[in-house]
Protein chains: 4
Amino acid sequence: MSTRPPGHAAIVKAAREEFAERGYGATSIRDIAQRAGVSLSALYYYYKGKQELLVAILDDAHDAYFSSCQEALARAGEDPAEQLAAIVESTVRYRSTHPSKSNILLSEERSLQPEHLERYRANHAMATRQFRDIIERGVKEGVFLTPYPDDARRAVMAMCNAVAQWYEPGGVLSEDDLVERYVSLALTIVEYRPRAPRRPVPTSL
Amino acid sequence: MSTRPPGHAAIVKAAREEFAERGYGATSIRDIAQRAGVSLSALYYYYKGKQELLVAILDDAHDAYFSSCQEALARAGEDPAEQLAAIVESTVRYRSTHPSKSNILLSEERSLQPEHLERYRANHAMATRQFRDIIERGVKEGVFLTPYPDDARRAVMAMCNAVAQWYEPGGVLSEDDLVERYVSLALTIVEYRPRAPRRPVPTSL
Amino acid sequence: MSTRPPGHAAIVKAAREEFAERGYGATSIRDIAQRAGVSLSALYYYYKGKQELLVAILDDAHDAYFSSCQEALARAGEDPAEQLAAIVESTVRYRSTHPSKSNILLSEERSLQPEHLERYRANHAMATRQFRDIIERGVKEGVFLTPYPDDARRAVMAMCNAVAQWYEPGGVLSEDDLVERYVSLALTIVEYRPRAPRRPVPTSL
Amino acid sequence: MSTRPPGHAAIVKAAREEFAERGYGATSIRDIAQRAGVSLSALYYYYKGKQELLVAILDDAHDAYFSSCQEALARAGEDPAEQLAAIVESTVRYRSTHPSKSNILLSEERSLQPEHLERYRANHAMATRQFRDIIERGVKEGVFLTPYPDDARRAVMAMCNAVAQWYEPGGVLSEDDLVERYVSLALTIVEYRPRAPRRPVPTSL
DNA sequence: AATGAATGAGGGTTCATTCAT
DNA sequence: AATGAATGAACCCTCATTCAT
């Protein structure tokens with residue numbers, strides 16, 4: 001997953017960009033080869049076909065996402081608010097930094113052949129579970145007051161996912177500011193109320 | 001838009017479903033004809049080609065969405081919270097009732113040929129403006145306290161849009177309940193605080 | 001099977017010749033289209049693919065062969081020698097008149113996909129049975145003296161089949177003479193001895 | 001032809017089996033390399049290409065056949081019946097023991113490039129001549145009574161050749177029995193009648 | 001002696017579309 | 001009003017082969 005033969009990187013990158021721009025079904029394997037600057041045959045030397053490219057991209061995208069999440073969650077403590085902040089930050093950073101990976105991840109499940117669906121769905125379910133578990137624990141501990149934990153979870157995820165569709169890295173909004181806002185919004189959505197031993201410092205990150 | 005020849009309806013319906021399931025690029029015009037139960041020639045008799053079908057579908061989807069919004073906004077008064085509730089309700093009902101239209105609307109801009117982009121983008125911008133105007137007015141009037149009106153707007157829209165991807169009409173959650181929750185979540189996101197002289201029952205639809 | 005759309009005939013004819021000359025595996029579908037004088041797409045309009053062409057050719061070849069056999073056997077009486085003569089004549093005429101059909105029939109079983117094998121093998125078995133039944137009855141009735149009926153049957157069939165590989169219609173040997181010789185050879189192979197009302201013809205080995 | 005580098009044997013064997021199973025045109029050089037358990041490059045290190053492999057296989061097959069024939073003919077005396085028996089035995093044993101070689105020999109002339117055709121045809125002609133000369137001498141000497149020597153020759157050859165297509169080494173019929181039957185059939189076909197002054201034990205092998 | 005990498009040509013098939021009727 | 005026939009371009013992929021190492 002980390003070190004691969006030379007041709008791979010350029011090919012996967014090109015495929016990722018094409019898939020993200022046009023969609024898997026509308027992308028021709030020749031477009032990919034041309035964008036990668038390799039011959040059609042070279043592409044087939046490294047990958048068995050278009051579908052395998054998609055699978056490689058999706059697997060890689062999932063791997064990158066989850067390792068980013070794990071790292072952030074490890075840094076966060078036991079506090080549900082801190083954990084929610086961590087996962088939102090990971091997700092937002094991932095969506096803004098890797099919009100191609102994100103958009104493929106979010107829209108090409110339908111292009112997977114049956115034999116690859118299971119793994120994809122397991123990964124997708126795990127991504128969902130990360131959010132759900134945190135929110136449910138926050139609700140149980142009484143710090144997230146939302147009456148609709150599942151819909152709140154969906155709202156938080158949808159909001160984070162959408163970042164991949166509009167955020168422009170070089171724009172007026174820095175990535176750090178973006179993260180700060182989305183963490184704040186997420187805590188608002190779950191109706192976070194700190195347990196307040198002494199001073200509640202409410203919505204600040 | 002209202003009264004059309006008989007063949008049209010079945011063809012557009014078939015095209016809409018195919019585009020929604022596979023994506024425009026991955027859908028073949030033969031698949032559409034077959035699904036509609038008409039011959040390939042019949043399809044070309046009614047429509048000039050695949051692109052025209054997409055345009056017809058997008059236009060129709062936009063029309064249906066906006067007329068639903070206008071109706072709801074007309075019923076709502078001047079109160080930003082009421083208006084936000086109205087537009088969220090319209091959007092959620094549209095997404096849950098017409099998932100195919102919604103998903104095409106939300107993902108096939110890239111499949112439009114240049115000459116049709118302008119109208120699509122105008123419509124898209126109008127949809128955005130509907131939300132933005134309401135939220136901005138709520139902020140100006142001091143009933144929406146969110147510090148990030150634009151991000152809140154994106155969150156509300158993303159949340160509503162996502163409904164088209166997961167909601168199952170016959171499932172445990174009725175459409176009315178769904179709407180109630182999403183209106184509530186939207187008001188939470190914009191941090192709605194009623195102006196409160198006499199307590200106007202805040203989260204009610 | 002008898003009357004088909006216009007394009008069919010030329011396409012099947014071209015495919016048959018190409019398959020016979022180069023073999024199924026070495027024949028390109030473009031060669032067939034070119035030989036038939038139609039476009040590649042026209043070919044696919046009439047036939048689903050290369051395999052379907054092969055199946056159509058094999059089915060047609062079997063049909064033509066069997067109807068020729070049935071006709072001849074119907075004309076022949078109950079006498080095994082007459083029947084053997086009839087089937088040898090049918091087979092030899094078929095091989096000499098339709099060498100392409102014959103050679104494909106005799107060599108392209110391996111090119112059939114599994115789903116078409118059963119029918120092919122049933123037909124092949126029936127062709128074998130025609131010879132076997134006649135020879136076995138001749139042996140049982142005491143007019144075919146061969147001690148190896150099964151090997152005699154194989155020899156007769158192999159001899160007839162080989163005609164497709166060498167006989168030249170316009171050559172020195174007329175088709176009628178060819179038939180006469182092969183009938184004679186077949187009767188020799190099964191060691192035919194007529195039942196001899198009075199004198200039993202001495203030439204016994 | 002006798003002692004070759006190690007890689008050769010496995011490669012030629014694999015090529016022979018593939019060619020026999022699928023035909024030259026339908027066999028890919030990758031299939032051969034894989035079956036031989038060597039890399040594609042290794043194959044090209046030993047052989048210049050697919051065509052050269054076919055040529056090597058055909059030459060080897062011819063060599064093996066002719067040396068078997070020569071040996072048998074050398075053991076046989078001057079008697080045409082004995083000689084026919086010898087050549088039939090050689091051919092049948094070859095067809096049953098080396099079905100792959102046999103079937104390639106009998107069906108891949110068409111796959112040869114022009115520059116290799118001449119040698120192939122010379123070999124093929126020699127194989128034919130072996131049978132023809134013996135039969136013609138038998139006819140001239142009056143021991144083969146067949147009125148159609150050439151057709152008898154074709155029948156005998158076709159019968160022997162077909163063995164490669166149906167005989168199963170481990171089956172009910174031993175190779176020796178097979179040979180005995182085919183020699184007997186061949187003598188029947190040429191209508192062998194021993195010259196008979198002192199009874200030279202006719203059909204004995 | 002042996003191989004991983006790469007290629008251009010061609011494989012079978014499907015595409016959106018047109019046209020004569 | 002409606003369709004069967006036909007097309008050329010493009011599709012994904014595999015081919016036999018070469019070459020630098």
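Just so we're on the same page: letters track the sequence lines, and every chain starts at 1.
Formation of a donor-acceptor pair under 3.5 Å by the D:T27 side chain with backbone atoms of D:E18 is found in this model. D:Q51 places a side-chain N or O within 3.5 Å of a backbone atom of D:S111 that can act as its donor or acceptor partner. Of the possible donor and acceptor atoms, one in the side chain of C:E108 sits under 3.5 Å from a partner among the backbone N and O of C:Y24. Judged by distance alone, with hydrogens and angles left aside, the side-chain atoms of C:Y44 form no donor-acceptor pair with the main-chain N or O of C:S39 at under 3.5 Å.
Looking at residues two or more places apart in sequence or on another chain, you find no side chain to side chain donor-acceptor pair (under 3.5 Å) involving A:K50. For A:Y65, the ring pair (Phe, Tyr, Trp, His ring centres under 6.0 Å) partners two or more places apart in sequence, or in a different chain, are A:Y94. Qualifying side chain to side chain donor-acceptor pair (under 3.5 Å) partners for A:H62, counting only residues two or more places apart in sequence or in other chains: A:N123. Take D:R16 and apply the side chain to side chain donor-acceptor pair (under 3.5 Å) test, not counting sequence neighbours, and it matches no residue.
Between D:Y46 and E:dA2, a side-chain N or O to OP1/OP2 separation shorter than 4.0 Å is present. Side-chain nitrogen and oxygen atoms of D:S39 include at least one within less than 4.0 Å of the OP1 or OP2 phosphate oxygen of E:dT3. Residue C:Y45 places no side-chain N or O under 4.0 Å from the OP1 or OP2 atom of F:dA6.
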**Prompt:** Could you spell out the base pairing of DNA chain E in dot-bracket, with Watson-Crick or G-U pairs whose two distances are under 3.5 Å, [ ] crossing and | to another strand?
**Reply:** .||||||||||||||||||||
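Rounded to whole Å, the distance from CD1 on C:I32 to P on E:dG10 is 17 Å. Summarising the geometry, the separation between OH on B:Y47 and P on E:dA16 is reported as 17 Å, rounded to the nearest angstrom. E:dT18 atom C1' lies 14 Å from atom CG of B:L43, rounded to whole Å. Atom NE2 in A:H8 sits about 10 Å away from atom P in E:dA6, given to the nearest Å.
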**Message:** I need a per-nucleotide contact map over nucleotides 9-16 of chain F, read 5' to 3'. Cutoff is protein heavy atoms under 4.0 Å; write B for the base, S for backbone only, - otherwise.
**Reply:** -BSBBBBB
